[in-house]
Participant: 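Take a look at this one; I'll ask things after.
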Amino acid sequence: NMIDPSAIVPGDYRMAMLMLDDGRILNGIIREETPQRIQLQTATELVSVTHDRIEERRGSDVSMMPEGILDALQPMERRDLIAYLQANGPAVTDGDQAASEKGTSPPADPWHLLHPVWLKPPTGDAAKDPTADTIYSESITLLQHTVDGPLVGRTAYPIASIESVVSANRTADWTQVEGLKVNLQTGTIEIPVASGAPYISVDQLYPPVDSPNSYRHRVGHPEQALLYGPGRWFHDHQIEVTYRVDRQLARLENADAAQAALQQLPRTLALLRAGQPLVIGCSGDSIAAGGDASQLAGAEPMQPPFPTLVAQQLREVYPGSIELKNRAVGGWSIQNGLDDLDAMLAEKPDLIIVAYGMNDVGRRDPQWFADRNRDFVQRVRAADANIELLFVSSMLGNKVWIHTPREMFSLYRDQLAQLTGPGIALADVSAVWQQQLQNKGDLDLTGNGLNHPNDYGHRLYAQTILGLLVE
């Protein structure tokens, strides 16, 4: 029921959230439950969990289908959607016909993934383009520190000029709001509470245990919970700012990652340049599976997760076909990736993106992580020496959540870096996150408050990977 998804939700389709003893969070539909275990159907996989691993369990009468799917559509667009669902092929709209007649095509970089300001400075004619210094739709979670006080947030870099200030879900615009204050040097933005902009008050950050939007445990205060909002909750509480960076104040020190990739991923780049077909496999956890990208939450702007963003952008840049085989599953660690490796190899990938770490750092055992990633490499090499590997280090989890110890992320990343060489590269998302957090907070980049990226975070992942694959 697209009009009212939660009007009637049969028992077999009710969502359940399982919080495990190692900090993992699984969301899905319970397919089978015995005295020993639960089988949970997530968005991508059927997962079996024993009861002794479940720390907390929550149910919901809310449908997996998001509310308001049709709200953003015009009457004609709703008609076209229904026609598409009822037909054997896509409905042709008036806009499609006009575009066809004009010979227009989609923009080459619709999500602004190429040449990010933080990755490398523009050169040549690109350096003369005023948009070359622009950061698009950087997310901010506005905080209110005092009752009736202003809503305050910060950009990652000093600001030369503000282009827009909008809600992350694209429902409101505060670019010209009265009372907007911007400190260009520090990147601090203040918006009056009367503006109606979304915000979180500081007294909401650590809600009572077992209350709505809460999740255990806070570092140093294990009896306290942290603010937790999966799906579109944080998305609806964030704004996005597009601005030009003041490069002189930012003091960016960037490297051209693509040059290193020429030595590490020669076959992949050769296939891309030659317009040959390329099959990309993706083995990873819930971040790679898409949580909490707005597309999976059913919220505007319907941005897909980072593996899809990478594949889409490569199709725009290179002439050959790009096929993505994403086998990432929520709750997985590198050990699960090893268990699934035969199935991954059966997909016949040319390049495998390996993106684990978030569900592994809670072990506080970098050597365990290194050994299993090394096993992954050896098994791939034994199966097909032509397959290249692109490891992706994890974003940083919430620094006050006990299951994502901040000091572990760089240690786990360093283990991946030791694996690089011919046929093996590293997309260092951990370093990108550290750079962003020099001036921002964890909640600015989060999709759920704990361990998932928001849309901006998924774009950071995609930009880091594409920096290795697009010259």
Side-chain angles (χ1 to χ4, degrees), residues 99 102-137 242 254-282 284 288 290 293 295 301-326 347-355 386-392 423-429 432 453 455-471:
K102 293 179 181 179
T104 58
S105 60
D109 190 9
W111 298 106
H112 305 289
L113 302 176
L114 301 178
H115 312 300
V117 171
W118 53 265
L119 182 60
K120 58 183 178 182
T123 57
D125 292 339
K128 303 175 185 177
D129 183 353
T131 65
D133 290 331
T134 302
I135 290 184
Y136 294 90
S137 304
T242 297
N254 302 316
D256 190 345
Q259 292 302 312
L262 290 174
Q263 304 299 321
Q264 296 171 334
L265 303 176
R267 183 171 181 269
T268 296
L269 292 175
L271 290 172
L272 288 169
R273 290 169 178 164
Q276 295 296 310
L278 182 76
V279 178
I280 302 175
C282 182
Q295 184 184 71
M302 302 296 287
Q303 180 192 293
F306 82 82
T308 303
L309 289 174
V310 169
Q312 288 179 347
Q313 193 60 56
L314 290 176
R315 294 185 190 111
E316 293 285 354
V317 174
Y318 295 105
S321 67
I322 310 291
E323 187 175 3
L324 175 65
K325 303 287 189 178
N326 191 349
E347 303 281 8
K348 302 298 182 183
D350 301 293
L351 172 71
I352 302 177
I353 295 174
V354 187
N386 290 319
I387 298 175
E388 295 181 329
L389 295 164
L390 176 51
F391 286 97
V392 182
I424 305 175
L426 171 65
D428 193 351
V429 172
V432 173
D455 274 359
Y456 179 62
H458 275 285
R459 291 200 303 277
L460 291 176
Y461 265 85
Q463 289 170 337
T464 308
I465 294 169
L466 289 166
L468 294 166
L469 301 176
V470 178
E471 297 179 81

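Because the structure is predicted, anything quoted here is derived from the model rather than measured.
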Participant: If you look at every heavy atom in Leu426 and Gln264, which pair is closest and at what distance?
Facilitator: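 Taking Leu426 first and Gln264 second, the nearest heavy atoms are N-OE1, 4.5 Å.
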Participant: Can you name the nearest heavy-atom pair linking Ala288 to Asn326, along with the distance?
Facilitator: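 The answer is O-ND2, 3.1 Å.
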Participant: Are the side chains of Val354 and Leu390 in contact, using a 4.5 Å heavy-atom criterion?
Facilitator: no
Participant: On a heavy-atom basis, which atom in Pro301 and which in Asp455 lie closest, and how many Å separate them?
Facilitator: CD-OD2, 3.6 Å
Participant: For residues Phe306 and Ala355, report the shortest heavy-atom separation together with the two atoms involved.
Facilitator: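 Minimum heavy-atom contact is CZ-CB, 4.2 Å.
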Participant: Please test Gln313 against Val470 for side-chain contact (heavy atoms from CB on, under 4.5 Å), starting from the C-alpha separation and ending with a verdict.
Facilitator: CA-CA 9 Å; Gln313 193 60 56; Val470 178; 5.6 Å; no
Participant: Are Gln312 and Pro304 side-chain neighbours, meaning at least one heavy-atom pair lies under 4.5 Å?
Facilitator: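 SC-SC contact between Gln312 and Pro304 confirmed.
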Participant: Mind running side-chain contact (heavy atoms from CB on, under 4.5 Å) on Leu278 and Thr268 for me, showing each step along the way?
Facilitator: CA-CA 8 Å; Leu278 182 76; Thr268 296; 4.1 Å; yes
Participant: For the residue pair Tyr456 and Ser137, what are the closest heavy atoms and their distance?
Facilitator: CD1-O, 3.7 Å
Participant: Strictly distance-based, threshold 3.5 Å: is any side-chain N or O of Glu316 a donor or acceptor partner for the main-chain N or O of Asp109?
Facilitator: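 Not a single qualifying donor-acceptor pair exists.
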Participant: Do side-chain atoms of Gln295 reach the backbone of Gly290 as a donor and acceptor pair under 3.5 angstrom?
Facilitator: no
Participant: Quick one: pull up CG in Leu314 and CG in Leu466 and give me the separation to the nearest 0.5 Å.
Facilitator: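 Rounded to the nearest 0.5 Å, the CG-CG separation comes to 5.5 Å.
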Participant: Supply the atom-to-atom distance Cys282 SG to Ile352 CD1, rounded to the nearest 0.5 angstrom.
Facilitator: 10.0 Å
Participant: CG/Leu460 to CD1/Ile465 distance, rounded to the nearest 0.5 angstrom?
Facilitator: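 Leu460 atom CG to Ile465 atom CD1 measures 11.0 Å (nearest 0.5 Å).
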Participant: Determine whether a donor-acceptor pair (N or O, by modelled atom type, separation under 3.5 Å) exists between the side chain of Arg459 and the backbone of Tyr136.
Facilitator: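 Looks like yes, one N/O pair under 3.5 Å.
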Participant: What's the verdict on side-chain contact (heavy atoms from CB on, under 4.5 Å) for Val117 and Thr134, showing C-alpha distance, side-chain angles and the deciding distance?
Facilitator: CA-CA 7 Å; Val117 171; Thr134 302; 5.7 Å; no
Participant: Just one of Ile322, Leu265, Asp350 clears the side chain to side chain contact (heavy atoms under 4.5 Å, CB included) bar with Leu272, so which one?
Facilitator: Ile322
Participant: Does Glu388 reach the main-chain N or O of Arg267 with its side chain, forming a donor-acceptor pair under 3.5 Å?
Facilitator: yes
Participant: Which pair of heavy atoms, one from Ala462 and one from Leu113, lies closest together, and at what distance?
Facilitator: CB-CD2, 4.1 Å
Participant: State, with a plain yes or no, whether a side-chain heavy atom of Ile353 is found less than 4.5 Å away from one of Ile280.
Facilitator: yes
